[in-house]
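Structure record follows, encoded as structure tokens.
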Amino acid sequence: MNLKNITLLILATVLIFSKNTDCQEDELEDFIKSEYAGSEYGDLDLQDGLQNIEINDLKTRAIPCQATTNKDILNCLNLINLPAILSNDLYKKTYPLNMRPINSLPIFNIYHTEYLCQDWVLKFNLFGNSTPRQFFTKNSDKISSYINLNDPDLLADIEDAQNIANVNIPKILSLFQNGRVEQRRLGLMTQFLKNFKDSSLEIDIPLLYGENNFFLTEQEQIDIENTFVQMGVAFTRSQGEEMLKKLVVADKVGLGDSRVKFGAVTIENDCSCTKLGFLATVPTAVSFKKGLVGSSFKNNFNVPNVNLQNIAILLFEARNGDQEAIQQLRVFGSNFGLSSLKQLSAMLLDTPLGNGGHFGLGMFVEPKFRISEGFTLRLYGTFEYLFPATELRYFLKKKNCNDFNPENFNTDVLTEEQAGAAIQFLSQQLVNTLFPSAVNVNVDPGLSFEFTICPLFTLREWDFMFGYDFWFQQQETLGHLSTRVPDLFDIQKCVKPHAMQNKFFAKVDYNVLNKNYSWVVSLSAERAFATSGIGEDFTVSASFDLIF
């Protein structure tokens, strides 16, 4: 895994918003030690600390504020253009990313027509599946298509506050716009095939280790580091990497969904054989252990409350050179930024090992044509419907542009009470913008389709297969939300797009035949291309088959 200190760079971005030119290199490590006491730095468990990042309990020192009115505070917030900034959505999308079920990969297909005369077939597949660039939308693997890192309207509103912030925030955001999400799945696929005269039963059970992480290239990390150095923030790349992995890596080990197929011979002659049958995807996915390298991000954590009145008071004090106020702002900015990063990780990285609890039912057809003594053509097709099930999803609350009319924050016409209400409104909007609401919703994934063509060449003990595979999953639909006010949420931003993959795959078998049993050793690989709504993954596998 090549995370290359991306976690330090992300945390430094959080700290830059409360920039202090006297920042020392050990400040990052001191902050981690004080905020997230872990096994290396204290008696508390690091995992628990990261799972309970809270900024509600941020304690600001008692600052005399008798002379500070609601209008003064609102003027401070207007000065940094906060109302205009919060009128924009940070998230373009809020759905989890598409991923192909592991039991649908073509290298795991057992061709039942090859084993008509055998009683049992046991297959053990050690495999590794990797998606270096998961797609956030139909055709983009850049995180800027999921988060507004380069939205012109948002950047224009931020630029209006540059003279106050004294930090080139648009430039910082642009450095992260090409960030991506990687996925890896390693495991053992165990498959059983039992023949009953003209029919057959297959059961596939995957044991999986799944890992997802954010990633930036080495050059992108260097550009970010150089930008921070120019701004006066110094840090070393070796500090805290292992601890901060807990914020940008999610992993777990357990069982995936099982697949069951029952087929029967419908056509059989000297040159061809066809099996037709039913298949079912059984939601057996369960995690045995979470957070081995990274974290398991809790889906239903508390959304923080923000008191902009206290923050504005600290801003007043910080502008007057109060070092204690500056430190308070740094702690708040870091905690708030880490909490929002944890929210993003929960949305994009904490993915299930299976289909999210959906039961699937469909049909498969498997024709085989014998062209010559050493050449056979195999075809395989499936059609499956995944039934609706309840999932926890994240939804943005809709924004009304009229609520952000500049007159609503004009202290020349507002009373003290109205100014206080405006501050509370902005506080809530800040939370709504960075923390989409976790809501249970009925998800209908719909239909999936797969077609495979696989020529087989036989030469003595060797079999060589080269094939093409097409897989399609239709766009999902969302049903009833478990909330009394579903109209508050932007439903469409949470609907996953359709997913489509084209793949080439190859496999080589070495067969050893005995009187009562046979065994086969195989190597196989596949690579996706021309995809939509899903990344271009690749898989390698080594398998051992016992046939008797």
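Residue numbers start at 1 and run along the sequence shown.
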Aromatic [Y] / basic [X] pairing, under 6.0 angstrom, 45° off normal:
X	Y	answer
R180	F215	no
K194	F196	yes
K123	F544	no

Any side-chain heavy atom of [X] sitting closer than 4.5 Å to one from [Y]?
X	Y	answer
N432	L396	no
F435	S437	no
F387	H358	no
F489	K397	yes
F359	T281	no
T458	T376	no
S448	L386	no
E220	N178	yes

Nearest 0.5 angstrom please: [X] [atom1] to [Y] [atom2], how far?
X	Y	atom1	atom2	answer
Q191	N125	CD	CG	5.0 Å
L478	Q492	CG	CD	8.0 Å
L122	F192	CG	CZ	6.5 Å
E384	L361	CD	CG	7.5 Å
Y385	Q474	OH	CD	8.0 Å
L353	L255	CG	CG	8.5 Å

Salt-bridge present ([X], [Y]; N to O < 4.0 Å):
X	Y	result
E366	K275	no
R133	D141	yes
D350	K252	yes
K398	D490	no

**Request:** Tell me, please, which residues at least two apart from D509 pass salt bridge (Lys or Arg N to Asp or Glu O under 4.0 Å).
**Result:**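 Expected list: none.
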**Request:** Can you sort out the partners of K368 under salt bridge (Lys or Arg N to Asp or Glu O under 4.0 Å), two or more places apart, ordered by chain and number?
**Result:**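 Here the qualifying residues are E114.
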**Request:** For the residue pair Y380 and F364, categorise the inter-ring angle as parallel (less than 30°), tilted (30 to 60°) or perpendicular (more than 60°).
**Result:**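 Judged by the thresholds at 30° and 60°, the geometry between Y380 and F364 is tilted.
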If we ignore hydrogens and angles and just use 3.5 Å, is the side chain of [X] paired with the main-chain N or O of [Y] as donor and acceptor?
X	Y	answer
D444	G446	yes
N440	T390	no
T266	T274	yes
D251	G294	yes
T433	Q429	yes
S140	K142	yes
T284	G256	yes
N195	Q118	yes
R527	K503	no
E476	K496	yes

Side chains of [Y] and [X]: any donor to acceptor distance under 3.5 Å?
X	Y	answer
N129	T539	yes
Y115	D545	no
Y468	N502	yes
S130	Q183	no

**Message:** Does K399 have more than 12 heavy atoms from other residues, nucleotides or ligands lying within 6.0 Å of its NZ?
**Reply:**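 Yes - once you tally the heavy atoms of other residues, nucleotides and ligands closer than 6.0 Å, there are more than 12.
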**Request:** Take atom CZ of F278 as the centre, draw a 6.0 Å sphere, and report whether it contains more than 12 heavy atoms from other residues, nucleotides or ligands.
**Result:**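 No.
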**Asked** Centroid-to-centroid, W471 to F449, below 6.0 Å?
**Response**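 When the ring centroids of W471 and F449 are compared, they turn out to be at least 6.0 Å apart.
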What side-chain donor-acceptor pairs closer than 3.5 Å can you find for residues 99-109, not counting sequence neighbours?
residue : atom : partner : partner atom : Å
R100    : NE   : S104    : OG           : 3.0
R100    : NH1  : D469    : OD2          : 3.2
R100    : NH1  : Q501    : OE1          : 3.1
R100    : NH2  : S104    : O            : 2.8
R100    : NH2  : E450    : OE2          : 3.2
R100    : NH2  : D469    : OD2          : 3.0
N103    : ND2  : D257    : O            : 3.2
S104    : OG   : P101    : O            : 2.8

**Pair H498-Q473, side-chain hydrogen bond (donor to acceptor under 3.5 Å, both in side chains): steps then yes or no** = CA-CA 6 Å; H498 76 265; Q473 172 69 55; over 6 Å; no
**Request:** With side chain to side chain contact (heavy atoms under 4.5 Å, CB included) as the test, would you mind laying out the steps for V540 and F127 before giving the verdict?
**Result:** CA-CA 6 Å; V540 294; F127 68 90; over 6 Å; no
**Message:** Walk me through whether N148 and N88 qualify under side-chain hydrogen bond (donor to acceptor under 3.5 Å, both in side chains).
**Reply:** CA-CA 9 Å; N148 274 329; N88 301 276; over 6 Å; no
**Prompt:** Of L341, L344, N212, which is the lone residue that meets side chain to side chain contact (heavy atoms under 4.5 Å, CB included) with V248?
**Reply:**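 Running side chain to side chain contact (heavy atoms under 4.5 Å, CB included) over L341, L344, N212 with V248 returns exactly one hit, L341.
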**Least distance between heavy atoms, F395 atom then C494 atom** =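 Nearest pair, atom of F395 first, then C494: CE2-CB, 3.6 Å.
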